[in-house]
Amino acid sequence: MRKLRTLAVLIAALCCSVASAYDFEVDGIYYNYLSSTTVEVTSRTNGYSGEVSIPESVTYSGSTYNVTSIGDRAFQGCYSLTSITIPNSVTSIGELAFEHCIYLQEITIPSCVTSIGESAFAYCSHLKEITIPNGVTRINNYLFDGCERLVKVTIPEGVTSIGESAFSGCFSLQGITIPSSVMSIGDHAFSRCWDLMEFTIPEGVTSIGESAFRDCSDLQEITIPSSVTSIGDEAFSGSGLQEITIPNGIIGIGSMLFYECKCLVEVTIPEGVTSIGDRAFSGCSSLQGITIPSSVTSIGNEAFSGSGLQEITILITGASIGDGVFNSTPWWDSKKDEVVYLGSMLYKYKGDMPSGTSIDVREGTTSIYSNAFEGCSGLEEITLPNSVTSIGDRAFSGCSSLTSVVIPEGVTSIGDRAFSSCKGLASVIIPEGVTNIGDYAFTGCEGLASVIIPEGVTSIGGSAFSSCKGLASVIIPESVTIIGYMAFSGCSNIKKIVCNATTPPSCTRRTFGSVSKDECVLLVPEGTETLYKEATEWKDFLLIENIPSAIEQVASPSDGKGDIYDLNGRLVRTQAEGVDGLMPGIYIKNGNKFVVK
């Protein structure tokens, strides 16, 4: 983006060198009328050079005009301009007014100036010192961008914002005082200020933009006040910071916020932060310890990869964890090839898993991290303790030898792709506490013959059971209100769907793609056939029937063949699944009641 902007500026400079519009010329300076009494200085065909002194007023054709403005691009690209005198009558300096005046070494901006346009002094590479007058309230975007020899800047009280890339590339800037009136620091505002060693952000600043201090390699110390509530991605990436305290108002640590801060030794993350972005502390080779507060709910990809972490204190009990969060750290490298735990969470299986592996997850484990066993094709059996409450995204994805899994009763959510491509998975028991089945959760589980979605689930994610080619029957509880896009697409062998919802769950045209709707039987609650025949996707089923009701005869559960229903007539098990694992209660099979104790 910055390269495109630079190109556009160069093109504009070339255009200005061959043509300019002006109303009159006096003593080699070109002017344009602003009113009947005022004019602005404008560009001239061959540019300006040497020393230029702008008068307070100019007389032309018998009329006198006050010079009140330096127009946009007036001196842009005047490479031979060495000195400029601006009169007190000037109140505004336009955009790109002195941009690329590479030999302009000093300039005094009159106290009457209240407005300085974007890029007005950008790439004035010999400019060493500047004082912003008191009437200016904003340091505009790119104002001193690329002023590589600028050493000292005075910003007055009253300035409220520092714009995007305002001082970017000011390599020689060693110190700057930001007045208490400033409320925001823009994107890239001080990026690549290599000599900047310390910086105080005043109380009152609420936002720090993306890459604001990126690559400030000598910046060792900075204080972020409690007023700051937003810090953009990469704000301190590549800086020389040694320690940092995140203020209490911050709820998210952005992507690459402290990326490659090789001198960073200490970080304090407050309670209240909910997310740590991708590669936020990646490459912080001097950072040896970190405490992650209990408020954090997500940690991005490679958040701490390549850091010096040896000790991790993690207070969270469940979170969405990205790929390679702690890869290439001393902490991770010291672990054996086995299941690695992080506090009460199963973080990841390290190493190549041998075929025929059986794992008993230790008691007290509360969550299975994202990607924990992803691609572990040797995993055949796993036992999850009742303490587990969440299963993360892709936790068992690609565990092609896993044949069955019992999800503990305390689990409330199954993450996206949690069991995707578990081709050998023949049965899965989803507990009643689950309320959401994530996108692609069981996609590609070709060996799955039937699935019972428990009461309490309200949504089934997109492609949740797509390409489960062995799936023959599905039971959907009354609680489901939404079934996502292509949730059962590619399940061409489904012959029976029992939907216990009295209101047809919301679907899309592709929810049951590839299911033969002229052969598959759709069983729905009595009296709801008309609703289903009018609902999107459901109406395409030709065989819509009522769910069979119960009769009063009590029999043995082993009597005959048939599906199993509860007393409300809802299908709870198919004939193939049998009675094993049923909760105690009274059920119906082949029209007869039986008791499970």
Side-chain angles (χ1 to χ4, degrees), residues 5-6 8-26 28-35 37-49 52-58 65-81 83-102 104 106-125 127 130-147 150 153 155-156 159 161-168 186:
R5 176 187 171 274
T6 302
V9 166
L10 290 173
I11 292 171
L14 289 172
C15 291
C16 288
S17 68
V18 297
S20 62
Y22 65 98
D23 292 327
F24 65 89
E25 177 263 330
V26 174
I29 299 177
Y30 288 18
Y31 299 93
N32 282 330
Y33 297 115
L34 294 178
S35 71
T37 58
T38 60
V39 293
E40 68 173 6
V41 177
T42 189
S43 60
R44 73 178 190 178
T45 303
N46 297 319
Y48 299 92
S49 61
V52 174
S53 179
I54 301 172
E56 287 196 4
S57 62
V58 61
Y65 303 93
N66 291 324
V67 179
T68 60
S69 175
I70 297 174
D72 295 347
R73 297 184 170 88
F75 295 90
Q76 183 186 38
C78 294
Y79 303 128
S80 300
L81 183 68
S83 175
I84 185 80
T85 301
I86 302 174
N88 289 328
S89 57
V90 169
T91 59
S92 67
I93 298 173
E95 295 182 2
L96 298 157
F98 295 93
E99 193 262 349
H100 264 110
C101 291
I102 58 175
L104 186 63
E106 62 180 78
I107 188 169
T108 300
I109 303 175
S111 59
C112 292
V113 170
T114 58
S115 170
I116 305 175
E118 292 188 5
S119 303
F121 298 98
Y123 301 104
C124 291
S125 53
L127 192 62
I130 197 81
T131 298
I132 309 296
N134 291 331
V136 172
T137 58
R138 172 178 169 80
I139 306 298
N140 264 317
N141 299 341
Y142 304 97
L143 187 56
F144 298 100
D145 184 19
C147 292
L150 188 63
V153 176
I155 301 176
V159 168
S161 63
I162 297 175
E164 179 180 346
S165 298
F167 297 94
S168 177

Trainee: Identify each donor-acceptor pair in which a side-chain atom of residues 107-117 lies under 3.5 Å from a protein atom, sequence neighbours left out, and give them as a table.
Mentor:
none

Trainee: Using the side-chain contact (heavy atoms from CB on, under 4.5 Å) definition, which of the options Ser125, Cys78, Ser80 pairs with Ile102?
Mentor: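 It is Ser125; the other options fail the test.
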Trainee: Between atom OH of Tyr65 and atom CG of Leu34, what is the distance when rounded to the nearest 0.5 Å?
Mentor: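 Going from the OH atom of Tyr65 to the CG atom of Leu34 covers 11.5 Å.
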Trainee: Kindly determine whether Ser57 and Asn66 satisfy side chain to side chain contact (heavy atoms under 4.5 Å, CB included), including the steps that lead there.
Mentor: CA-CA 4 Å; Ser57 62; Asn66 291 324; 3.9 Å; yes
Trainee: Residues in side-chain contact (heavy atoms from CB on, under 4.5 Å) with Pro156, at least two apart?
Mentor: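 side-chain contact (heavy atoms from CB on, under 4.5 Å) check on Pro156 returns Ile132, Asn134, Val159.
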Trainee: How many angstroms lie between CZ in Phe98 and OH in Tyr48, if you round to the nearest 0.5 Å?
Mentor: 10.0 Å
Trainee: Do you see a donor-acceptor pair shorter than 3.5 Å between the side chains of Asn141 and Glu118?
Mentor: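 There is such a pair between these side chains.
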Trainee: When rounded to the nearest 0.5 angstrom, what distance separates SG in Cys124 from CD in Glu99?
Mentor: 7.5 Å
Trainee: Enter the distance from Phe144:CZ to Ser119:OG here, rounded to the nearest 0.5 Å.
Mentor: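 One finds 11.0 Å between CZ of Phe144 and OG of Ser119.
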Trainee: As a quick check of understanding, evaluate side chain to side chain contact (heavy atoms under 4.5 Å, CB included) for Phe24 and Val58, giving each step before the final call.
Mentor: CA-CA 11 Å; Phe24 65 89; Val58 61; 4.1 Å; yes
Trainee: Taking atom CD1 of Ile70 and atom CD1 of Ile93, what is their separation to the nearest 0.5 Å?
Mentor: 5.0 Å
Trainee: So for atom CD, which belongs to Glu106, do other residues, nucleotides or ligands contribute more than 12 heavy atoms lying within a distance under 6.0 Å?
Mentor: no
Trainee: Taking side chain to side chain donor-acceptor pair (under 3.5 Å) as the definition, give me every residue that meets it alongside Glu95, ordered by chain and number, with sequence neighbours left out.
Mentor: none
Trainee: Tell me, please, which residues at least two apart from Thr68 pass side chain to side chain donor-acceptor pair (under 3.5 Å).
Mentor: none
Trainee: Please answer whether the main-chain N or O of Tyr30 pairs with a side-chain N or O of Thr42 as donor and acceptor at a distance below 3.5 Å.
Mentor: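 Looks like no, no N/O pair under 3.5 Å.
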Trainee: Taking atom OG1 of Thr91 and atom CD of Glu40, what is their separation to the nearest 0.5 Å?
Mentor: 10.5 Å
Trainee: How far apart are the closest heavy atoms of Ser161 and Arg138, and which atoms are they?
Mentor: OG-NH1, 2.8 Å
Trainee: Using side chain to side chain donor-acceptor pair (under 3.5 Å) as the criterion, list what pairs up with Ser92, not counting sequence neighbours.
Mentor: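 Per chain and number, Ser92 pairs via side chain to side chain donor-acceptor pair (under 3.5 Å) with Ser69.
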Trainee: Name all residues meeting the side chain to side chain donor-acceptor pair (under 3.5 Å) criterion together with Thr38; count only those two or more places apart in sequence or in a different chain, and write none if there are none.
Mentor: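 Checked Thr38 against side chain to side chain donor-acceptor pair (under 3.5 Å); matches are Ser35.
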Trainee: Do the side chain of Asp23 and the main chain of Tyr33 share a donor and acceptor less than 3.5 angstrom apart?
Mentor: yes
